[in-house]
There are 2 protein chains.
Amino acid sequence: MPIAPDDALKPRKRPRQARSAATVDAIFEAAIQVLRSDGFTGLTTTRVASRAGVSVGTMYQYFPHKDALLYAVLEDYLEYVVNAIEAAVERFRHMLLAEMSDGLTLAYLDAKTRHMLGAQGLYVVAAELETDDLVADVCSRCDAAIARLLATATDARFDDIARVTHALRVLLVGTVRAVLENDVSPDALAMLRTELPVMCRAYLLAVARPTEAQAV
Amino acid sequence: MPIAPDDALKPRKRPRQARSAATVDAIFEAAIQVLRSDGFTGLTTTRVASRAGVSVGTMYQYFPHKDALLYAVLEDYLEYVVNAIEAAVERFRHMLLAEMSDGLTLAYLDAKTRHMLGAQGLYVVAAELETDDLVADVCSRCDAAIARLLATATDARFDDIARVTHALRVLLVGTVRAVLENDVSPDALAMLRTELPVMCRAYLLAVARPTEAQAV
DNA sequence: ACCTGAACACCGTTCAAGT
DNA sequence: ACCTGAACACCGTTCAAGT
């Protein structure tokens with residue numbers, strides 16, 4: 001657990017040839033599979049390499065150490081989620097507060113459940129790996145996007161939009177994780193799909209200041 | 001990561017003499033400290049033993065393996081939190097819905113922040129360690145307590161109290177964790193203390209069916 | 001009874017040797 | 001250029017030997 005200086009967690013080299021790119025993809029996919037089946041503790045360089053069909057040495061040509069590989073997997077996943085949020089924000093701007101709340105909530109839920117169903121282990125990766133900068137960056141991009149959304153509600157204004165934005169993101173992220181983490185059954189998902197929108201909507205309406213357009 | 005059969009995670013023997021009890025306490029405390037400073041990955045049997053001032057062999061007399069030690073630490077912590085919730089439930093029964101919501105929320109927040117400030121690593125322990133039974137037990141005790149509380153609200157009834165209880169617990173646990181996990185600054189805590197009660201109250205009021213006593 | 005620490009198997013990482 | 005796998009240091013766990 002030495003402190004990672006500079007870009008110590010960055011890939012060692014980018015694949016330049018088709019053969020290499022295929023190798024990296026295989027390693028990447030293998031890492032996710034092993035993480036899912038054996039957990040963070042069970043994720044071994046040997047196991048990833050053998051499942052990817054390469055030798056350990058080859059893996060170390062692309063990732064300077066195990067952590068760099070896991071970091072890359074996490075980065076890729078977070079990028080996917082942020083993109084989903086930013087897309088939802090564009091789609092639901094300039095609507096009623098309740099509409100944009102539901103739109104954002106369901107878009108986030110979809111992104112999570114589609115891409116994440118087995119990648120729960122990534123939470124452990126984020127917790128254990130020096131990922132503060134990466135996470136901070138992703139969080140601020142999400143907050144910026146959500147603030148952009150809320151600012152355009154046609155029927156409400158917020159006194160402290162930064163605070164509300166932050167609280168809403170934490171509500172979304174925390175609740176979804178708390179459920180998916182130890183129960184990905186259809187029942188649990190159904191519960192989220194009905195209750196989470198209610199939570200977000202209720203919170204936003206509670207802290208919003210209605211505007212003249214409200215009575216429309 | 002072998003499947004834990006039976007009580008494989010239970011302590012090997014209970015301390016019978018004062019000397020032993022002191023040893024176990026020291027090991028326990030050392031584990032928490034190492035977890036805080038070095039994380040889950042950095043938590044080494046050698047490190048825990050040396051910080052506790054005993055040899056590895058001694059540790060293995062009380063805990064059959066590293067996981068059993070971590071399991072015991074987690075169990076102790078969860079017990080503390082459940083007790084806090086159950087105490088709060090007794091204190092706030094038969095009140096207005098908004099009052100009991102705030103009471104429960106702040107009691108939970110207090111329990112978390114007081115005992116947990118450094119023990120964040122326990123989330124990783126719970127995720128990695130075969131703790132499904134333990135967690136399920138704790139969750140159902142919390143849900144039972146919260147349902148007991150909500151059922152006595154003087155101004156509201158719920159059509160599906162199990163669903164609301166579950167959703168409320170997930171909201172509490174998830175949101176608090178999402179904040180504390182990567183930011184235990186006073187600012188973050190202040191945000192939780194103001195916004196979390198609003199979230200819970202707003203959600204409960206949104207799903208509650210008001211009763212005649214409401215207009216009092 | 002309780003404690004110790006060398007010894008064994010396994011994992012992360014390197015690097016000389018192969019194609 | 002890219003790949004391989006034996007070799008080294010370190011961690012979890014055991015157990016013969018100490019008090």
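Heavy-atom basis, side chains included; hydrogens, waters and symmetry copies ignored. A note on names: the letters A, B, ... follow the listed sequences, proteins ahead of strands, and every chain is numbered from 1.
Closest approach of A:L189 to A:V184, counting heavy atoms only: CD1-O, 4.4 Å.
Looking at B:V124 and A:Y123, their side chains never come closer than 4.5 Å, going by heavy atoms from C-beta outward.
Looking at residues two or more places apart in sequence or on another chain, you find a side chain to side chain contact (heavy atoms under 4.5 Å, CB included) between A:E79 and A:N83, A:R141. Taking B:D187 as the reference, B:S185 meet the side chain to side chain contact (heavy atoms under 4.5 Å, CB included) condition, with sequence neighbours excluded. Partners of A:A126 according to the side chain to side chain contact (heavy atoms under 4.5 Å, CB included) rule, which considers only residues two or more places apart in sequence or in another chain, are A:L74, A:T131. Evaluation of the side chain to side chain contact (heavy atoms under 4.5 Å, CB included) rule for A:A167 yields A:Y203, B:M191, B:E195, B:M199 as partners, not counting sequence neighbours.
At C:dC3, none of the side-chain N or O atoms of B:S55 fall inside 4.0 Å of OP1 or OP2 (strictly under the cut-off). Listed pair A:Y62 / D:dA1 fails the phosphate criterion, with no side-chain N or O lying under 4.0 Å from OP1 or OP2.
For the pair A:Q61 CD and D:dC3 P, the interatomic distance rounds to 6 Å; values are reported in whole Å. A straight line from CD1 of A:I27 to P of D:dC3 spans 8 Å, rounded to a whole angstrom.
Side chain of A:S101 to main chain of A:L97: no donor-acceptor pair is present (N/O by atom type, distance under 3.5 Å, no hydrogens or angles).
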- Query: Just by protein heavy atoms under 4.0 Å, how would nucleotides 8-13 of chain C read 5' to 3' in B, S and -?
  - Reply: ---SSB
- With side-chain hydrogen bond (donor to acceptor under 3.5 Å, both in side chains) as the test, would you mind laying out the steps for B:T194 and A:R163 before giving the verdict? CA-CA 10 Å; B:T194 65; A:R163 187 186 201 83; 2.9 Å; yes
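With the 3.5 Å cutoff on both pairing distances, Watson-Crick and G-U pairs in DNA chain C assemble into runs of at least 3 at C:4-8 with D:12-16, C:12-16 with D:4-8.
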